[in-house]
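Here is how names work: the chains are called A, B, and so on, in the same order as the sequence lines, proteins then strands, and each is numbered from 1.
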Protein chains: 2
Amino acid sequence: MKKKDSILQAATYLFSRKGFKDTSMAELSRMTGAAEGTIFYHFKNKQEIFLTILKNLKEDILPEFERYKGEKSFKTGLDMMEETVSFYLYVAGLKEDLFSILHQRYPYELAETNPECREILEAIYNCFVDIFETAIRAGQEDGSIGDLPARKSALILFSMVDSLVRFRMYNLYDVGALYNEMIASCRRMLGKAKR
Amino acid sequence: MKKKDSILQAATYLFSRKGFKDTSMAELSRMTGAAEGTIFYHFKNKQEIFLTILKNLKEDILPEFERYKGEKSFKTGLDMMEETVSFYLYVAGLKEDLFSILHQRYPYELAETNPECREILEAIYNCFVDIFETAIRAGQEDGSIGDLPARKSALILFSMVDSLVRFRMYNLYDVGALYNEMIASCRRMLGKAKR
DNA sequence: AAGAAAACCGACTGAGTACTCAGTCTAATT
DNA sequence: AATTAGACTGAGTACTCAGTCGGTTTTCTT
C-alpha cells in the first residue's frame with residue numbers, strides 16, 4: 001500500500017477513536033511508519049487530512065445507500081421502513097469508524113467556516129433522511145403508513161435510529177436488547193391507526 | 001464573587017462552547033482575571049475543574065427534575081408524558097451550557113477511567129430516564145398508555161427528545177418546526193392502540 | 001499591632017504541537 | 001549512463017500547553 005493510503009487509513013482509525021484534536025501528527029507518523037514530513041508532503045495540513053477522510057466517507061457510504069434504495073421490494077411501506085432501519089444499523093456497524101467520526105464535534109465546527117465540509121455533511125444527512133422518507137411515502141401510498149408529514153417523520157425516525165448507534169458506540173446500553181422494542185415503537189408511531 | 005467561583009463559571013462557559021481540550025488555562029485566566037497560578041491553587045489540575053463542574057451540574061439539574069416529579073398532576077399518564085417531554089426541553093434550553101457539556105465526548109472518555117465521573121453521569125441519566133418511565137407507568141395504570149416495557153420505552157423516548165436538544169444545539173434543524181410532530185409521534189408510539 | 005494562614009500572582013518550565021525545509025532515495029525516461 | 005521528477009526523510013522551528021514555584025498581598029486571629 002502507498003504511504004498516502006496508509007496515512008489516511010491510520011488517520012481514520014485515530015480520528016474515530018480519539019477525535020481530531022487528540023490525534024497528533026507524531027502518533028500518525030509512528031503508526032504508519034511514514035515520517036512526519038511525508039504526511040505534509042501528501043496533505044497541506046491536518047485539516048486537509050480530515051476533509052479527505054470525510055470526502056472518502058461520503059463516497060464510501062452514499063453509494064451503499066443509493067444501491068439499497070434501488071433494490072428494495074417489500075410487501076408494504078411499513079415493512080420497508082423496518083428493513084431500512086435494520087439496514088442503517090447494519091451499515092453503521094459495518095463502518096463503525098466512519099459513523100463515529102460523524103458523531104464528533106469537530107466536523108460540525110469545521111462546517112461553520114468551511115463550505116466544502118458543510119456541503120459534504122449536508123449531502124450525507126440528506127441521503128440518510130431520504131431513505132427513511134422514501135419508505136414512509138411508499139407506506140402512505142399502499143396505506144400501511146398513516147397520513148403524516150413524511151419529511152419530518154423521516155427526520156424523527158432517523159434521530160431515533162441514530163441515537164441507537166450512539167448508544168452502541170459509547171457502550172451506554174445493550175442495543176440488542178433495545179432493537180426489537182425500537183422497531184415496534186416505530187411501527188406504532190407510523191402505522192395507520194386502527195379505527 | 002470569589003475567584004474560585006468565577007473560575008468555575010468561566011470554565012463552564014468555555015468548556016461548553018469550545019470543549020475541554022480546546023479550552024486553555026491561559027484563556028481561562030484571561031477571562032476571569034485570575035492568574036494561572038491561582039487556578040491551580042484552587043484546583044489541582046484541569047480535570048478537577050471539569051469534575052467540579054460536572055458535580056455542580058448534577059446538583060443543579062437533578063433537584064429541578066426531582067421537584068417536577070413531585071408536583072405533576074395530570075388527567076392521564078399520556079398527557080403527563082407530553083408535559084414531561086416539554087419540561088425536559090424547557091430545562092435543556094434554560095441550562096444550555098450544562099446540557100452542551102453532557103453532549104461532548106470528554107465526560108464519557110473520562111468516565112472510562114474515573115469511577116466518580118462514571119457515577120455522576122449514571123445518576124444524571126438515570127434521573128432523566130426515570131421521569132419518562134414514571135409517566136409511562138402512570139399511563140399504563142390509568143389505561144392511557146399501552147402495555148409495553150416501561151424502562152425500554154422510556155429510554156427510546158429520552159433518546160428522541162435528547163436528539164431534539166442536539167438538533168437545536170448544533171443548529172441542524174429548526175426544532176420549533178419539529179416539536180409538534182415529535183409530540184404527536186410519541187403519542188402514537190405509546191398510546192393504547194384502538195381496536 | 002503582630003503573626004499566621006489563606007489567597008493570589010505571573011514568570012517560568014519542559015513536554016508536546018503542527019508544520020517546514022534542505023536534502024536523499026527510487027524508479028522511470030531519455 | 002545521465003537526467004528528471006515524485007516520494008520520502010527527520011532534524012529543526014516557532015509556538016502552545018498544563019502545571020510549578022518563589023514570593024507578595026489580603027484576611028483572619030490573637
Side-chain angles (χ1 to χ4, degrees), chain A residues 1-56 101 104-114 116-117, chain B residues 1-56 101 104-114 116-117:
Chain A
M1 188 169 27
K2 286 275 148 62
K3 284 267 158 91
K4 186 171 179 178
D5 288 328
S6 73
I7 290 169
L8 280 175
Q9 194 184 22
T12 306
Y13 176 84
L14 289 172
F15 286 164
S16 76
R17 293 289 181 103
K18 323 185 27 160
F20 178 81
K21 193 83 182 190
D22 281 340
T23 298
S24 75
M25 305 313 274
E27 202 174 0
L28 195 49
S29 159
R30 235 179 293 124
M31 196 166 181
T32 54
E36 289 199 40
T38 307
I39 300 176
F40 288 98
Y41 169 74
H42 289 294
F43 305 93
K44 76 168 195 282
N45 55 30
K46 197 180 173 186
Q47 177 182 304
E48 196 182 85
I49 301 178
F50 187 85
L51 265 176
T52 307
I53 289 174
L54 206 62
K55 246 180 281 184
N56 290 350
I101 284 174
Q104 288 174 210
R105 152 185 290 253
Y106 180 72
Y108 306 96
E109 214 173 278
L110 182 59
E112 275 170 31
T113 58
N114 184 311
E116 196 190 355
C117 177
Chain B
M1 186 169 26
K2 287 276 147 61
K3 282 271 156 85
K4 187 171 178 177
D5 288 328
S6 72
I7 290 167
L8 280 174
Q9 194 184 24
T12 306
Y13 176 83
L14 289 171
F15 286 164
S16 75
R17 292 290 181 101
K18 322 183 30 160
F20 179 81
K21 192 83 181 190
D22 281 340
T23 298
S24 73
M25 305 311 273
E27 203 173 359
L28 195 48
S29 159
R30 236 178 291 124
M31 198 166 180
T32 55
E36 292 197 38
T38 306
I39 299 176
F40 286 99
Y41 169 76
H42 289 293
F43 305 94
K44 75 169 196 284
N45 54 31
K46 196 180 174 184
Q47 176 181 304
E48 197 182 84
I49 301 177
F50 187 85
L51 264 176
T52 307
I53 289 173
L54 205 62
K55 246 180 279 183
N56 291 350
I101 284 174
Q104 287 173 207
R105 151 184 289 253
Y106 181 72
Y108 307 96
E109 214 172 277
L110 182 59
E112 274 170 32
T113 58
N114 184 311
E116 197 191 353
C117 177

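Within 4.0 Å (heavy atoms only), Lys3(B) reaches sugar-phosphate atoms of the nucleic acid but no base atom. As judged by a 4.0 angstrom heavy-atom cut-off over every strand, Thr32(A) is placed among residues making no nucleic acid contact.
Taking atom CG on Asp22(B) and atom P on dT16(D), their separation rounds to 14 Å, with Å as the unit. The CD-C1' distance, from Glu48(A) to dA18(C), rounds to 14 Å in whole Å. For Phe50(A) and dA18(C), the CZ to C1' distance is 17 Å, given to the nearest whole Å. At whole-Å resolution of the value, CZ in Phe43(B) and C1' in dC8(C) are 14 Å apart. Atom CD of Glu27(A) is separated from atom P of dA15(C) by 18 Å (rounded to the nearest Å). Following rounding to the nearest Å, Asn45(B) (CG) and dC17(D) (P) show an atom-to-atom distance of 17 Å. The nearest whole Å value for the distance from the CZ atom in Arg30(A) to the C1' atom in dG10(D) is 15 Å. One atom, CD of Gln47(A), and another, P of dC19(C), lie 9 Å apart when rounded to the nearest Å.
Neither OP1 nor OP2 of dT20(D) sits under 4.0 Å from any side-chain N or O of Lys44(B). Contact annotation: His42(B) reaches the phosphate of dC8(C) (side-chain N/O to OP1 or OP2, under 4.0 Å). Contact check, Thr38(B) against dA7(C): no side-chain N or O comes under 4.0 Å of OP1 or OP2.
Ile39(A) is listed as a side-chain neighbour of Ile49(A), based on a closest heavy-atom distance under 4.5 Å. Using a 4.5 Å heavy-atom cutoff, the side chains of Pro107(B) and Phe20(B) are not in contact. The shortest distance between side-chain heavy atoms of Thr38(B) and Thr32(B) does not fall below 4.5 Å.
Mapping Gly37(A) and Tyr41(A) onto DNA chain D by nearest heavy atom places Tyr41(A) closer to the 5' end of the strand.
Counting only heavy atoms from C-beta on, Lys46(A) has its side chain closest to dC19(C) among dC8(C), dC19(C), dG6(D). Minimum atom distance to the side chain of Met25(B) is reached by dA18(D), of the listed dT9(D), dA18(D), dC9(C). Here dT17(C) is the nucleotide among dT17(C), dC9(C), dC19(C) with the atom lying nearest to any side-chain atom of Ser24(A).
Identified under the ring-ring contact (aromatic ring centres under 6.0 Å, His included) test for residues 26-49 of chain A, with sequence neighbours left out: none.
At least one test fails for Lys21(A) against the ring of Tyr106(A): distance under 6.0 Å to the centre or angle within 45° of the axis.
One cannot find a donor-acceptor pair under 3.5 Å joining the base of dC9(C) and the side-chain atoms of Glu36(B).
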